[in-house]
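Okay, so here's the structure we're looking at.
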2 protein chains.
Amino acid sequence: MKKSFRSSCPIASLLDLLGDKWSLLIVRDMIIKHKKTFKEISDSDEGIAPSILSARLKLLESYAIITKRKLPENKKENIYLLTDKGLDLTAIVVEYTLWGDKYMREHNTIDDIPGLDTDKSIMVDTIQNNYRAMVRTIC
Amino acid sequence: MKKSFRSSCPIASLLDLLGDKWSLLIVRDMIIKHKKTFKEISDSDEGIAPSILSARLKLLESYAIITKRKLPENKKENIYLLTDKGLDLTAIVVEYTLWGDKYMREHNTIDDIPGLDTDKSIMVDTIQNNYRAMVRTIC
DNA sequence: AAAATTGCTATCGTTTTAGTAGTAATAATT
DNA sequence: AATTATTACTACTAAAACGATAGCAATTTT
């Protein structure tokens with residue numbers, strides 16, 4: 001899994017990894033909607049093509065943002081879970097949500113998302129705790 | 001300036017605008033490095049092609065994230081400045097910096113950036129205040 | 001045993017990106 | 001005043017990425 005980086009800037013380096021139209025949406029599906037399988041993510045509103053989803057999951061896995069495993073009771077489904085590193089993207093996802101909620105309404109219909117008036121750090125903690133609780137139920 | 005949106009999700013909508021490898025870097029150059037002209041942004045470490053920079057600046061302007069103007073004393077240079085909407089991307093830029101600083105060092109050389117241990121909201125305020133002060137000196 | 005589901009890969013036309021060259025207008029230099 | 005340099009682009013083409021669809025193997029369900 002090769003990748004080259006444009007510069008030594010932390011922002012540019014992160015963009016070299018996740019700077020496309022799909023990667024953060026996959027992370028969103030996992031963090032917020034607790035999606036865990038190829039099928040669940042495929043079924044999102046935005047309609048990602050399987051070839052793209054496949055490539056992105058591989059990339060995210062190669063950078064240890066997600067892990068891929070099978071559960072003993074199902075040999076068909078792969079379960080994708082966020083690592084701590086991946087779950088640490090929550091703050092970015094929250095900031096995207098807040099900015100999009102505030103400024104994109106003039107250009108597009110935007111869903112109302114409850115709880116956006118909560119303190120940011122509490123939002124981030126809540127999301128991360130919910131995710132970890134979900135992981136505990138399946139492993 | 002046409003653009004279509006994939007869904008009514010605020011995150012997806014923001015990604016439809018800024019979800020590429022360059023837009024946020026341009027915003028970073030403006031917010032952090034106080035770059036204001038086509039030339040200054042062109043000269044960044046990452047080496048953006050002029051055709052791409054031109055297209056992105058037009059897009060950012062069309063969504064009122066930046067403005068374009070000339071100063072009376074120079075009829076050649078265009079001055080690009082962030083609007084309040086654009087400056088509100090500071091929190092996202094800060095979160096990118098923090099995540100990149102924390103997790104990208106194992107994959108790439110990452111510059112040390114002073115002040116990353118400061119409280120997030122103070123970082124954001126400081127950056128925004130510095131930017132506004134800079135704008136005041138030239139307008 | 002047959003049908004459906006899941007998790008992909010393959011293919012291919014279209015779109016986007018990247019790199020380079022070139023140009024017009026202004027500004028600086030000689 | 002004439003030449004040179006700078007700025008802000010646009011134009012062009014090659015390369016890469018994307019997007020939609022089809023297809024397939026391994027399971028699971030019926």
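None of these values were measured; they are calculated from a predicted model. Below, read A as the first sequence line, B as the second, and so on, with proteins coming before strands; counting in each chain starts at 1.
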Exercise for the section: Search all heavy atoms of A:I110 against all heavy atoms of A:D101 and return the closest pair with its distance. Expected result: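 Answer, listing the atom of A:I110 first, then A:D101: CG2-CA, 4.4 Å.
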Please give, in whole Å, the distance from [N] [atom2] to [X] [atom1]?
| X | N | atom1 | atom2 | result |
| --- | --- | --- | --- | --- |
| A:R69 | C:dG7 | CZ | C1' | 18 Å |
| A:E73 | D:dT28 | CD | P | 10 Å |
| A:I66 | C:dG7 | CD1 | C1' | 14 Å |
| B:L57 | D:dT10 | CG | C1' | 14 Å |
| A:K21 | D:dG19 | NZ | C1' | 14 Å |
| A:N78 | C:dT9 | CG | C1' | 14 Å |
| B:D20 | D:dC18 | CG | P | 11 Å |

Practice task
Under 4.0 Å from any atom of DNA chain C, heavy atoms only: list the residues of residues 45-53 of chain B that qualify, in numerical order.
Solution key: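 Those residues whose heavy atoms fall under 4.0 Å from DNA chain C, taken from residues 45-53 of chain B in numerical order, are B:A49, B:P50, B:S51, B:I52.
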Problem - Close residues, residues 25-40 of chain B, relative to DNA chain C [heavy-atom separation under 4.0 Å] - result: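 Contacts with DNA chain C under 4.0 Å: none.
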Practice task
Determine the contact category for A:K70: base if any of its heavy atoms lies under 4.0 Å from a base atom, sugar-phosphate if only primed atoms, P, OP1 or OP2 are that close, otherwise nothing.
Solution key: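 If one applies the 4.0 Å heavy-atom cut-off, A:K70 turns out to touch nothing in the nucleic acid.
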Exercise for the section: Answer with base, sugar-phosphate or nothing: what part of the nucleic acid does B:R56 contact at a heavy-atom distance below 4.0 Å? Expected result: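 Here B:R56 touches the backbone only, sparing every base.
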Exercise for the section: Look up atom CG in A:L17 and atom CG in B:N108, then write down how far apart they are to the nearest 0.5 Å. Expected result: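 These two atoms lie 10.0 Å from each other.
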Exercise for the section: Decide side chain to side chain contact (heavy atoms under 4.5 Å, CB included) for A:K102 and B:K85; before the verdict, give the C-alpha distance in whole Å, the side-chain angles of both, and the deciding distance to 0.1 Å. Expected result: CA-CA 9 Å; A:K102 185 169 177 186; B:K85 184 175 171 181; over 6 Å; no
Kindly indicate whether the side chain of [X], heavy atoms from C-beta on, has any atom under 4.5 Å from the side chain of [Y].
| X | Y | answer |
| --- | --- | --- |
| B:R69 | B:L81 | yes |
| B:R28 | B:Y96 | no |
| A:L87 | A:T90 | yes |

Problem - Quiz item: A:K76 side-chain donor-acceptor pair to C:dT5 base, under 3.5 Å - result: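 Counting by modelled atom types and ignoring angles, a donor-acceptor contact under 3.5 Å is found here.
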Does a side-chain N or O from [X] land closer than 4.0 Å to OP1 or OP2 of [N], or not?
| X | N | result |
| --- | --- | --- |
| A:W22 | D:dC18 | no |
| A:K68 | C:dC8 | yes |
| A:Y80 | C:dT6 | no |
| A:N74 | D:dT28 | yes |

Practice task
Following the transitive rule for hydrophobic clusters with a side-chain heavy-atom cut-off under 4.5 Å over Ile, Leu, Val, Met, Phe, Trp and Tyr, establish whether A:Y131 and A:I122 coincide in one cluster.
Solution key: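 No; A:I122 is not reachable from A:Y131 via cluster members.
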Practice task
Determine whether the side chains of A:K35 and A:S44 contain a donor N or O and an acceptor N or O closer than 3.5 Å.
Solution key: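 Indeed, the side chains of A:K35 and A:S44 share at least one donor-acceptor pair under 3.5 Å.
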Handout entry: Within 6.0 Å of NZ in B:K75, more than 12 heavy atoms from elsewhere
Key =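 12 or below, so no.
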Problem - Nearest to side-chain heavy atoms of B:K75, which nucleotide of C:dC8, D:dT28, C:dT26 - result: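 Given the options C:dC8, D:dT28, C:dT26, the side chain of B:K75 is closest to C:dT26.
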Exercise for the section: Sort and list the pairs that fulfil salt bridge (charged side-chain N to carboxylate O under 4.0 Å, His left out) and have at least one residue in residues 122-139 of chain B, not counting sequence neighbours. Expected result: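 Pairs touching residues 122-139 of chain B that pass the test: B:D84-B:R132.
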